[in-house]
Colleague: 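Structure incoming, see below.
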Amino acid sequence: MRLRDCKEVLEMSEFNIIGKRVPQKDAVEKSTGAAQYVTDLKLPGMLYGKILRSPYPHASILCIDTTRAKRLPGVKSVITFSDTPQIKFGPLVDDWYILAKDKVRFIGEEVAAVAAVDEDTAREAIELIRVEYEELPAVFTPGEAIQPGAPIINPEYPNNVVSHFKVERGDVEQAFREADLVIGDEFYANQVYQAYMESMACIAQSDGRGHLTLWLPSQVPSKTRMSYAKALGIQPRDIRVIRPHVGGGFGAKMEYDADLICALLATNTGRPVKIVNTRMEDFEAGNPRVPMSFDLRLAFKKDGTLLAKDLKALAGNGGRTVYGPAIMSTACYRIDSLYRIPNLRADGRLVYTNTVPTACFRGFGNAQATFALESLLDMAAHELGIEPAELRIKNSFNNGDTSPHGWFISTSGLADTIEQATQAAGWNDKKRNKTTRRGIGLACTNHVSGNRGFYRPFDGSSAILRVGESGQAVLIQGEAEIGQGQNTVYAMLAAEAAGLRYEDVTVAQVDTLIGPFGLGSFASRGTVLGGQAVIAAGKDAKRKLLAEASSMFNIPVEKLDIREGVVCRLPEQTKMATVAEVASHYMFRQGGCPLTGEGVYVPDTVVPDPVTKIGNISPVYCFATHIAEVEVDTETGQVKVLNYFASHDVGKILNPVGLEGQVEGGVVQGLGWALMEDMVTVNGKVQNPTFLDYRIPGVRDIGKIHVSFVETNDPKGPYGAKGIGEPALNPVTAAVANAIYDAVGVRIKSLPITPEKILAALEHTCML
Amino acid sequence: MKVNIKIMVNGDPYFVQVSPFRTLLDVLREDIGLTGTKKGCGEGECGACTVLMDGKPVNSCLFLAVQAEGKEITTIEGLAAGNLHPVQEAFVAKGAIQCGYCSPGFILTAWALLKTNPHPTEEEITTAISGNICRCTGYQKIVEAILDAAQRLQGGVGNV
Ligand code: FES
Ligand code: FES
């Protein structure tokens, strides 16, 4: 592609690439099948690992006999607890062992593992392992698990409560006493599965001297090294993580026990070992969403002013702890940065159950709480006789507000998104001309772009931009593209900040041996935290390029600019050189060292105080409004989503294609949760662990999705931008529930909203 | 007991020794090394493993390798040599690819649809891809891409 001339590039708008519709950087290789995922990789001499999982929800392990498995030709290693380092560990609570010690706590818990020359042999060997169990009384729901006398799952937590979160601001009791309207109800957000298309996978290789290389589809490549080092009794420096393409994650692909099993098998055999979950294993022993029930009360003045919120939450942790405590506390108070509520109280408990461990799923607890709050607000709007949109605008946070928990909302586009979504949906018209069985419902959300509390040692990001002799640039960072388009935005930001052409920037796959420590993909943090670091690296590279050009041409730096790969003289707008010429001049003058920009971003976020919970966890806060338009078949209870409108405060539009993709994908995932998806578990056993029985939305299950954006240009965002991943899903379930109520007058307070629930509720309504 | 079979993939003959129960998908991915075909479920429920068998899209996880003898198999790697096929171009341009794990399956399904029906309606596209699941995109951009691919194949505006 040709380089433009100076006049052209300098007279382009403020941005050369930001704001353009840019397809994903690696879409071409994904379209040809050339993109390599962990599941595709094969190393010379590679063995295949399989895991023997517990068939019981709660049982003591009496003995394990592996002799027959070991004798099977082709089997290279069989391991049980005694072959592991026997160290307790876990991302938040040390309640994991790599393989079960003396008891199992959920169906699917890892008991033994084998490595063999091929998958068939590994599978056969697994079947030859004999385990004698003694079943223990089990408990499956959080409600039962907190009853006195319930079976105890972890003796260190004698009442099964893993974590208890409490926060209180203002005077809640008084606010409820003085309120004109008090409204309350119970809501349930069920357990759902992320259903990324590439199941969990790992390849591990040991060099025989204690160094491990892991190929992981990980959202947190650098952070896993820390937890895994502890589990294996080695140093983080002994673990190298390489993250190739990732087939989706949505929160699930963080610490995962099979990775450690794979590492042990590789160490034992001295050969690379690959473990890939079957889809059924992934359903039964993945990292599904934390199920939560809520008891929520709100207090209002007559005019709709919110006075108080009182929330009780009970959440299911499963048999061991992944990120449940942080997810439960998030559900308790993240939503308090959506509306101005002076008096707040939350009391949440996370409880062990003999079911699959639960973890992060897009929304991280806020999605669960949003279902409850936004449903109840709709109910309140009816009681108060105030339009749902108006009620929300009235209470919304504004630019520069600080929430009662100390969160500083530099910009809030909430009211604008309400305006934009209702306009797009033709809200007033549809309300006026309501047709039977059709309804329209609105829900809002807030979210973070980063979570200061998630990894205590630090917050922020860093990046390195290396410009080579041909003007080609490689961006090296430790954040984690998992399919969402993050690398594309990074390449755009790097090009924009450094003055390079977008097509000259390549984003390196994450390799912890080389790149910086990136915290990774969670809390919708990639664009903001990673993006700021990338801009900083780009600016640093540009500064160095300008200095080099200045000395090459003897022109002061202020009289030079770089745009789109050309160095221009100002104000004449004459072309002095290409970036390639300047970068190669630099490199050859420096003994071959490429010109390198380094970028660091450390936000001014504040870790919430452990006692007061006061903090400020994200540099910027996101807002959105969703409107669902549905039609309900009162004979069958089927809900059809006719149209869906989503308006998001994205701060600044960096790449409209990526933003639309995130919102459309998030909405459809939310529609699945609202209407279809449910991990049906009976006595701890998932009853529907296949895509046939656990249906996720197909193309025919959705309506038309209309996406629009509000730009608040947040001074703390990269060129003003905010995150998008999670807010795209948060409000969907409530928007759908509210639309169903509008359509047929029934209020479903437990997810998913199945035809059966609707029919049952309709029947009840008729009887009244 | 293993059997020797010969299968034609992307115009090339492959001689492999397989268990009679080995799926076409595993042979393609593991034995031949064509990993562009993906495994999302292994049970015929996701479409990630779609290949063309004599020009028709099939779930390669539901076929035994031995059943593929005498058939022409086309995988994503064989769709276009060198340049991108217009269907691939459209998927790239329209943002229909996020994580990309479902993309080979969708692209081949779309290719087969456009072969028999060069001017599909949105409804026909929806029907054609109803057996493929995508967890990332929400489908809207995939449908747009297939409409765009139809135009590109007609030498329309997109085909530049
Ligand atoms: S892998 Fe064949 S349909 Fe899912
Ligand atoms: S792009 Fe990820 S599953 Fe379709």
Side-chain angles (χ1 to χ4, degrees), chain A residues 21-24 26-37 39-42 118-120 194-199 245-250 276 278-280 482-485 656-658 660-669 671-672 690-692 696-700 702 704-705 707, chain B residues 19 21-22 26 29-30 33-48 75-80 84-85 87-107 125-143:
Chain A
R21 296 188 71 83
V22 180
Q24 268 201 23
D26 45 19
V28 169
E29 59 190 286
K30 287 171 177 171
S31 80
T32 61
Q36 297 264 294
Y37 301 74
T39 42
D40 298 334
L41 300 177
K42 199 178 199 173
D118 56 40
E119 269 198 289
D120 287 346
Q194 293 87 349
Y196 33 78
M197 291 309 292
E198 182 194 32
S199 58
H245 287 289
V246 180
F250 313 112
V276 178
T278 63
R279 185 54 69 178
M280 198 175 277
I482 53 168
Q484 75 277 53
V657 179
E660 289 160 11
Q662 281 299 295
V663 177
E664 290 166 12
V667 166
V668 170
Q669 221 165 39
L671 291 175
T690 63
F691 283 136
L692 192 66
I696 68 170
V699 66
R700 281 207 274 227
I702 53 169
K704 189 106 191 111
I705 303 161
V707 182
Chain B
S19 126
F21 303 112
R22 196 153 173 84
D26 285 345
R29 284 179 55 81
E30 308 289 333
L34 292 170
T35 54
T37 309
K38 302 299 180 203
K39 186 183 205 164
C41 66
E43 304 192 357
E45 294 155 7
C46 75
T75 68
I76 191 71
E77 290 92 342
L79 195 60
L84 293 188
H85 185 274
V87 177
Q88 290 165 317
E89 281 175 7
F91 268 68
V92 171
K94 289 291 168 186
I97 299 176
Q98 286 189 31
C99 83
Y101 212 74
C102 68
S103 308
F106 272 99
I107 289 168
I125 292 173
T126 304
T127 305
I129 62 172
S130 62
N132 295 67
I133 50 186
C134 171
R135 192 58 154 172
C136 301
T137 64
Y139 303 102
Q140 200 147 293
K141 296 204 182 312
I142 292 177
V143 174

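Proteins come first, then strands; the chains are lettered A, B, ... in the order of their sequence lines, and each starts at number 1.
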Colleague: Please report the interatomic distance CG(A/D26) to CD(B/Q98), rounded to the nearest 0.5 Å.
Modeller: 11.0 Å
Colleague: Among the options B/C99, B/G36, B/A80, pick out the one with the most heavy-atom pairs lying under 4.5 Å from chain A.
Modeller: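 Ranked by heavy-atom pairs under 4.5 Å with chain A, first place is B/C99.
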Colleague: Checking A/V246 against chain B: side chain, backbone, both or neither under 4.5 Å from a heavy atom?
Modeller: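 Backbone of A/V246 only, per the 4.5 Å heavy-atom cut-off to chain B.
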Colleague: Name the region of A/Q662, side chain, backbone, both or neither, that has any atom closer than 4.5 Å to a heavy atom of chain B.
Modeller: both
Colleague: Measure A/I482 against the heavy atoms of chain B and call it side chain, backbone, both or neither at under 4.5 Å.
Modeller: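 The answer is the backbone of A/I482.
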Colleague: So which of B/T137, B/L79, B/T75, B/I125 has the largest heavy-atom pair count under 4.5 angstrom toward chain A?
Modeller: B/T137
Colleague: Going from CG on B/D26 to CD on A/E119, what distance comes out if it is rounded to the nearest 0.5 angstrom?
Modeller: 7.0 Å
Colleague: Need one label for A/Q194: side chain, backbone, both or neither, based on atoms under 4.5 Å from any heavy atom in chain B.
Modeller: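 Interface part for A/Q194: backbone (N, CA, C, O).
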Colleague: Ignoring hydrogens and geometry, is there a side-chain-to-backbone donor-acceptor pair from A/E664 to B/Q140 under 3.5 Å?
Modeller: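 Answer holds: no.
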Colleague: Would you give the length of the straight line joining atom SG of B/C136 to atom CD of A/Q669, rounded to the nearest 0.5 angstrom?
Modeller: 8.0 Å
Colleague: Answer with side chain, backbone, both or neither: which region of B/V87 has an atom nearer than 4.5 Å to a non-hydrogen atom of chain A?
Modeller: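 Interface part for B/V87: neither.
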Colleague: Can you tell me which portion of A/T690 sits under 4.5 Å from chain B's heavy atoms? Options are side chain, backbone, both or neither.
Modeller: both
Colleague: Check each atom of B/T127 against the heavy atoms of chain A and say whether the ones under 4.5 Å are side chain, backbone, both or neither.
Modeller: both
Colleague: Between A/R279 and B/E43, is the closest basic N to carboxylate O distance under 4.0 Å?
Modeller: no
Colleague: We want to know whether B/Q88 and A/T32 form a side-chain donor-acceptor pair, criterion being a heavy-atom distance below 3.5 angstrom.
Modeller: no
Colleague: Can you say whether B/L84 sits under 4.5 Å from chain A via the side chain, the backbone, both, or neither, judging by heavy atoms?
Modeller: side chain
Colleague: Relative to chain A, which segment of B/I133 carries a heavy atom at a distance below 4.5 Å: side chain, backbone, both, or neither?
Modeller: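 The answer is both parts of B/I133.
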Colleague: Is it the side chain or the backbone of A/S199 that comes within 4.5 Å of chain B heavy atoms, both, or neither?
Modeller: neither
Colleague: Sub-3.5 Å donor-acceptor pair from the side chain of A/R700 to the main-chain atoms of B/S130, do we have one?
Modeller: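 No.
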Colleague: Which answer fits A/A35, side chain, backbone, both or neither, if we ask what part of it has an atom under 4.5 Å from a heavy atom of chain B?
Modeller: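 Backbone of A/A35 only, per the 4.5 Å heavy-atom cut-off to chain B.
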Colleague: Find out whether B/R135 and A/P697 are in side-chain contact, i.e. whether some heavy atom of one side chain is under 4.5 Å from a heavy atom of the other.
Modeller: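 Yes; the side chains approach each other to less than 4.5 Å.
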Colleague: I need the B/I97 CD1 to A/E29 CD distance, nearest 0.5 Å.
Modeller: 10.5 Å
Colleague: Does the B/Y101 side chain pair with the main chain of A/G483, one donor and one acceptor, at a distance under 3.5 Å?
Modeller: no
Colleague: Below 4.5 Å, heavy-atom pairs only: which of A/A27, A/S31, A/P23 has the largest tally toward chain B?
Modeller: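 So the answer, after comparing A/A27, A/S31, A/P23, is A/S31.
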Colleague: Can you give me the closest heavy-atom contact between B/C46 and A/F691, atom names plus distance?
Modeller: CB-CD1, 4.2 Å
Colleague: Determine yes or no for a side-chain-to-main-chain donor-acceptor pair under 3.5 angstrom, with A/R21 supplying the side chain and B/G95 the backbone.
Modeller: no
Colleague: What do you reckon, is NZ of B/K94 surrounded by more than 12 foreign heavy atoms closer than 6.0 Å?
Modeller: no
Colleague: Examine whether an atom of B/K38 lies under 4.5 Å from a heavy atom of chain A, and if so say whether it belongs to the side chain, the backbone or both; otherwise answer neither.
Modeller: side chain
Colleague: Among A/A195, A/A34, A/G248, single out the residue with the greatest number of heavy-atom pairs under 4.5 Å to chain B.
Modeller: A/A195
